[in-house]
Number of protein chains: 2
Amino acid sequence: MSQVSIVDIARLAQVSPSTVSRALQGHPRISAERRAAILALAEELGYRPSQVARSLVTGRSHTFGVVVSDVTDPFVAEVLKGAEMAARDASYRLLFAMSNRNPAQEIEAAEALLDYEVDGLIVISSRAPDRYARLPRLRDAGKDHRIPVVLLNHAQVGEFIYSVKMDSESGARMAVSYLSQLGHRRIAFISGPSGGRSSSERLAGYRRAVLEHGLDASPELVIGGAGLLEDGWETLAVLLALKPPPTAVLCYNDLSAIGLLAAAAQMGVPVPDALSVVGYDNIPLSAYTTPPLTTVEQPKDAMGRTAVKVCLRALAGEPATTTVLSGQLVVRSSAAAPPQAQ
Amino acid sequence: MSQVSIVDIARLAQVSPSTVSRALQGHPRISAERRAAILALAEELGYRPSQVARSLVTGRSHTFGVVVSDVTDPFVAEVLKGAEMAARDASYRLLFAMSNRNPAQEIEAAEALLDYEVDGLIVISSRAPDRYARLPRLRDAGKDHRIPVVLLNHAQVGEFIYSVKMDSESGARMAVSYLSQLGHRRIAFISGPSGGRSSSERLAGYRRAVLEHGLDASPELVIGGAGLLEDGWETLAVLLALKPPPTAVLCYNDLSAIGLLAAAAQMGVPVPDALSVVGYDNIPLSAYTTPPLTTVEQPKDAMGRTAVKVCLRALAGEPATTTVLSGQLVVRSSAAAPPQAQ
DNA sequence: TTGTAGGCGTTATCAG
DNA sequence: CTGATAACGCCTACAA
């Protein structure tokens with residue numbers, strides 16, 4: 001036979017399949033010698049239980065679905081890594097899907113993962129957060145069989161839909177305050193994907209800090225973007241076209257900051273001497289840019305790990321709640337005092 | 001009820017479960033009106049077939065396992081993205097696991113994914129390629145039920161173990177030839193993970209080009225590394241300590257090249273004026289470094305897509321073979337003529 | 001064209 | 001402590 005099953009072992013051990021099952025899962029009421037014999041036999045035959053058969057009967061797949069906007073985004077990859085490690089620690093596996101930043105594709109992916117009976121759903125960088133509360137299978141499940149959903153970096157949008165996030169607003173605020181202390185008065189903000197929760201929160205943090213410090217609040221200083229390398233690259237020109245140009249800029253994420261850095265190097269705009277640049281995320285690469293990027297750290301690993309822990313807790317019936325982690329400013333050398341203050 | 005099943009529909013439609021099953025899967029012999037009624041009912045009830053029940057009976061899970069060394073590596077993420085998209089196009093899902101570059105963990109992950117009855121296994125950057133031929137479940141399966149394994153950037157190591165790779169040797173050779181044409185005679189190579197196939201192939205390509213062009217072949221020019229940002233960073237010092245220091249360096253991948261670039265900027269070594277740097281992979285970020293990185297393009301998306309296609313083909317019983325894709329040199333500005341030639 | 005019955009590998013309930 | 005027996009949700013001969 002190609003695959004050894006529990007009945008093969010039962011036959012060879014001269015016991016019933018149920019006894020084998022019990023031995024294998026460490027059931028208390030079974031004689032020690034039988035258990036040892038069965039375990040040895042299973043080992044020898046290279047037996048591995050079928051998770052799908054197990055799922056069918058227990059109703060638990062030991063699987064979480066993860067849908068991400070784009071694995072290629074270092075922030076996303078880092079969070080995914082954290083989630084994978086926490087899942088593995090709990091003997092869970094991850095069913096992976098990508099939305100390509102497309103809301104329809106995201107929901108489609110989520111539904112597909114649900115078809116595989118995932119025990120929970122983790123969504124990194126959702127573009128359609130309010131759709132989850134309306135998914136029939138999430139809505140209509142019996143109280144005891146609800147599938148937890150955790151949204152990363154989004155607010156909680158319904159019961160059984162949890163949220164693990166960083167306090168984006170205060171992150172952005174810290175960055176702007178830092179820039180203000182350095183002497184900058186005219187600070188631009190390159191925003192992230194429009195409609196995105198984290199983008200609007202970071203913008204709010206930026207605005208609040210601008211107000212608090214009495215900085216230039218011209219609306220022209222807020223520039224649209226989508227959190228891509230290209231955004232930063234293209235934005236330098238619009239920054240320079242502003243009159244007067246800002247002396248500092250806070251980017252939605254490190255990716256756009258790196259794009260900006262590249263454009264600045266290309267056009268001969270010295271950073272931080274002529275322009276201070278601050279990123280967001282603290283992806284590994286941000287320490288290796290020229291100059292090294294000052295940025296707001298997001299606890300990416302912890303976010304991923306926490307997301308699976310929230311799922312686990314919800315499944316255990318414990319009261320899981322929305323978690324807000326805090327970040328901090330990582331000062332490197334892409335921001336300094338503005339030119340006129342030197 | 002929490003989940004609608006095929007028998008719920010059958011009851012409501014006053015037919016047998018098998019009829020519903022047939023209607024749902026477009027079985028030919030069924031009256032059009034019944035099918036329409038059943039489909040409508042299913043739609044209305046929000047019915048979604050249980051993939052696990054289906055798997056149990058059909059023996060196919062419509063799932064591929066993907067084990068990667070580290071998602072956080074941009075090359076890996078890019079390949080994974082390609083694989084995800086191809087899988088989705090074929091209505092397949094990906095079960096994801098990470099090995100953290102650890103051989104034991106890699107095999108453990110592969111076995112775990114096999115427990116979920118994945119229909120195929122894709123391994124990106126394997127560190128234990130020869131173990132797969134010995135996995136009982138892969139070895140002992142009936143001829144018609146073998147699970148295809150595809151190794152990325154590794155040679156084929158057994159039957160039913162396929163390989164999708166780039167011609168790493170010629171990639172490295174192209175890079176060194178280019179550097180040679182630029183006038184470099186003393187070119188260093190920072191290697192990748194020891195024991196890794198792609199590292200040894202790239203090294204072979206480097207050596208061959210060195211020979212072909214009659215360049216300096218001192219063994220000290222080959223420096224150990226692991227393909228991480230840190231490697232490049234730390235290697236600059238050893239490069240500079242060489243007498244005389246090389247005028248150019250080919251890095252195992254873009255990550256180490258970027259680390260090297262950062263160290264060079266930090267220590268005031270102008271690139272490419274004092275040192276030419278060439279990377280490998282052409283990750284998106286390589287276009288945004290300072291200076292933009294000259295690198296060897298790997299067809300990452302195609303590699304991921306091809307990997308799932310090979311699985312699909314193997315499952316269909318078609319003769320799948322090892323695929324070798326070709327790359328090309330992407331010339332940007334991190335390499336130029338050596339100082340003395342200027 | 002449709003229904004009946006059996007089974008995929010496992011767990012769980014109930015006897016013994 | 002152990003063994004039948006019945007599910008879990010679906011598919012697929014085989015029978016009607």
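These numbers come from the heavy atoms of this one structure, side chains and all, not from hydrogens, waters or symmetry mates. Chain identifiers are assigned alphabetically (A, B, ...) following the order of the sequence lines, protein sequences preceding nucleic acid strands; residue numbering begins at 1 within each chain.
Contact annotation: side chain of S18(B) to base of dT4(C), donor-acceptor pair present below 3.5 Å. For R22(B) and dG3(C), a side-chain-to-base donor-acceptor distance below 3.5 Å is present, hydrogens and geometry of angles not being considered.
Going from atom CG of D115(B) over to atom P of dG9(C) covers 14 Å, rounded to whole Å. In this structure, NE2 of H27(A) is placed 12 Å from P of dT11(C), rounded to the nearest angstrom. Distance R54(A) CZ to dG9(C) C1': 10 Å, rounded to the nearest Å. Counting to the nearest Å, the P atom of dG9(C) and the OH atom of Y116(B) are 18 Å from each other. At whole-Å resolution of the value, CZ in R48(A) and P in dT10(C) are 12 Å apart. The distance between atom CD of E117(B) and atom P of dC8(C), rounded to the nearest whole Å, is 13 Å.
Distance check: F75(A) CZ to N153(A) CG gives 5.0 Å after rounding to the nearest 0.5 Å.
Residue whose closest nucleotide on DNA chain C sits further toward the 5' end, between L56(B) and P17(B): P17(B). Of the residues near DNA chain C, I30(B) and S21(A), the one whose nearest nucleotide (by heavy atom distance) lies more toward the 5' end is I30(B).
Of the charged side-chain nitrogens involved, none lies within less than 4.0 Å of a carboxylate oxygen, so that D115(B) and R54(A) do not count as a salt-bridged pair. Using a 4.0 Å cut-off between charged side-chain N and carboxylate O, R88(B) and E108(A) make no salt bridge. Residues K81(B) and D301(B) are not paired through a salt bridge, judged by the lack of any N-O separation under 4.0 Å between the basic side chain and the carboxylate.
The footprint of chain B on DNA chain D, defined by a heavy-atom cutoff below 4.0 Å, extends from dG9(D) to dA13(D).
Using cut-offs of 30° and 60° for the angle between ring planes, the F96(A) and F96(B) rings count as tilted.
Nucleic acid contact for V15(B): sugar-phosphate only, since backbone atoms but no base atoms lie under 4.0 Å from a heavy atom of the residue.
A heavy-atom distance below 4.5 Å is found between the side chains of L94(A) and F64(A).
Of the N and O atoms on the side chains of Y132(A) and E106(A), at least one donor lies less than 3.5 Å from an acceptor on the other residue.
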